[in-house]
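In this text, all values refer to a predicted model and were calculated from it rather than measured experimentally.
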Amino acid sequence: MKATGIVRRIDDLGRIVIPKEIRRTLRIRESDPLEIFTDREGEIILKKYSPIGEMSSFAKQYAESLAQVSGQMTLISDRDQFIAAAGGCKALVGKGISKALEAAIEGRESVLAVKGDRNFIEMTEEGEPECLNEAICPIICEGDVIGSVALLNNEARGKMGEVEQKLIQSAAGFLGRQMEQ
């Protein structure tokens with residue numbers, strides 16, 4: 001654990017303010033759910049709660065099935081990081097999504113793009129994985145965006161089309177409905 005040097009007092013209603021710099025760094029937005037943990041040394045730990053992260057083993061199996069059926073790299077993310085990957089990009093699990101991807105899913109945008117298009121979105125801030133074609137669809141649960149499903153490939157002739165778009169829309173719809181239960 002890293003000390004920030006910031007000290008806050010609890011108000012008369014038991015509330016504490018998380019400083020803006022920390023919220024910005026950790027991408028905590030107004031109304032984001034936080035999970036509360038305690039340990040034996042008396043520490044209180046706040047962690048961003050990811051509803052789709054709760055079903056990461058299911059998402060992993062779904063990503064593997066989708067990669068096998070489509071022949072594409074498959075990524076499933078929550079609003080902050082990748083929670084499942086298959087088809088050659090498993091190293092991304094646990095890595096943060098790019099600000100561009102975050103903005104696209106927050107805007108509820110589906111994307112079908114080829115590298116070089118103005119709507120092409122890098123998956124991570126580091127530009128990993130290196131891909132030429134992408135199809136991205138937001139996962140929506142009870143009206144809220146909770147993540148995304150993406151298919152990627154490196155093939156110059158492997159442009160994403162209607163089939164891939166339908167696949168990710170179906171996957172995103174299914175995962176969103178699973179979260180509602």
For the pair Arg24 (side chain) and Lys20 (backbone), establish whether a donor and an acceptor sit closer than 3.5 Å, ignoring hydrogens and angles.
no
Heavy-atom neighbours of Ile6 CD1 exceed 12 at 6.0 Å:
yes
Side-chain heavy atoms of Gln72 within contact of Glu164, under 4.5 Å
yes
Mind checking whether Leu46 and Ile18 have side chains closer than 4.5 Å, heavy atoms only?
yes
Taking the side chain from Asp78 and the backbone from Gln81, do they hold a donor-acceptor pair closer than 3.5 Å?
yes
Restricting to non-hydrogen atoms, name the atom on Ile76 and the atom on Ala59 that form the minimum distance, rounded to 0.1 Å.
CD1-O, 3.4 Å
Any side-chain heavy atom of Leu151 within less than 4.5 Å of one from Met160?
yes
Got a second to check how far Lys166's NZ is from Glu162's CD, nearest 0.5 Å?
5.5 Å
Working to the nearest 0.5 angstrom, can you tell me the gap between Ile28 CD1 and Asp80 CG?
8.5 Å
How far apart are the closest heavy atoms of Glu155 and Asn153, and which atoms are they?
N-OD1, 3.2 Å
If you draw a 6.0 Å radius around CZ in Arg108, do more than 12 non-hydrogen atoms from other residues or ligands fall strictly inside?
yes
Counting neighbours of CD on Glu43 that are heavy atoms of other residues, nucleotides or ligands and sit closer than 6.0 Å, is the number greater than 12?
yes
With rounding to the nearest 0.5 Å, note down the distance linking CD1 in Ile121 to CD in Glu109.
6.5 Å
Gap separating the CD1 atom of Ile139 from the CD atom of Gln169, nearest 0.5 angstrom
13.0 Å
Does Glu30 come within less than 4.0 Å of Arg23, counting only side-chain N to carboxylate O?
no
To the nearest 0.5 Å, what is the distance between CD (Glu64) and OG1 (Thr74)?
9.5 Å
Looking only at non-hydrogen atoms, find the nearest pair between Ile83 and Val93 and report the distance.
O-CG1, 3.9 Å
Ile16, CD1: over 12 other non-hydrogen atoms inside 6.0 angstrom:
yes
Using a 3.5 Å distance criterion without hydrogens, assess whether the side chain of Asp117 forms a donor-acceptor pair with backbone atoms of Asn119.
no
Should we say atom NZ of Lys159 is surrounded by more than 12 heavy atoms from elsewhere, each under 6.0 Å from it?
no
So, do Leu75 and Met123 sit near enough that their side-chain heavy atoms are less than 4.5 Å apart?
yes
Would a 4.5 Å heavy-atom cut-off, applied to side chains only, mark Cys141 and Gln178 as touching?
no
Any side-chain heavy atom of Thr4 sitting closer than 4.5 Å to one from Ile22?
yes
Under the criterion side-chain contact (heavy atoms from CB on, under 4.5 Å), which of Cys89, Ser148, Ser77 is the partner of Phe82?
Ser77
Is Glu125 salt-bridged to Arg27, cutoff N-O under 4.0 Å?
yes
Under 3.5 Å donor-acceptor, Ser98 side chain and Glu122 backbone
yes
Write down the atom of Leu175, the atom of Phe58, and the distance for their closest heavy-atom approach.
CD2-CE2, 3.7 Å
Could you walk me through whether Glu142 and Met179 satisfy the side-chain contact (heavy atoms from CB on, under 4.5 Å) test, starting with their C-alpha distance in whole Å, then the side-chain angles of each, then the deciding distance to 0.1 Å, before giving a yes or no?
CA-CA 9 Å; Glu142 296 177 347; Met179 292 304 303; over 6 Å; no
Going hydrophobic residue to hydrophobic residue with side-chain gaps under 4.5 angstrom, can you get from Ile36 over to Leu34?
yes
From Met73 CE over to Leu92 CG, what is the distance, rounded to the nearest 0.5 angstrom?
9.0 Å
Between Glu106 and Lys99, is the closest basic N to carboxylate O distance under 4.0 Å?
no
Let me check something: do Ile168 and Phe174 share a hydrophobic cluster, defined by ILVMFWY side-chain heavy atoms less than 4.5 Å apart, either directly or through other members?
yes
Verify the cluster assignment for Ile136 and Ile146: are they in a single hydrophobic cluster under the rule of side-chain heavy atoms below 4.5 Å apart?
no
If every non-hydrogen atom of Pro138 is compared with every non-hydrogen atom of Ala172, which pair is closest and at what distance?
O-CB, 3.3 Å
Closest heavy-atom contact between Leu132 and Phe120?
O-CE1, 3.9 Å
From CA spacing to verdict: salt bridge (charged side-chain N to carboxylate O under 4.0 Å, His left out), Lys115, Glu130
CA-CA 10 Å; Lys115 191 166 188 119; Glu130 191 64 38; 3.1 Å; yes
Applying a strict under-4.5 Å side-chain criterion to I, L, V, M, F, W and Y, I'd like to know whether Val111 and Leu167 cluster together.
no
Treating Ile, Leu, Val, Met, Phe, Trp and Tyr as nodes and any side-chain heavy-atom pair under 4.5 angstrom as an edge, say whether Leu101 and Val145 lie in one connected cluster.
yes
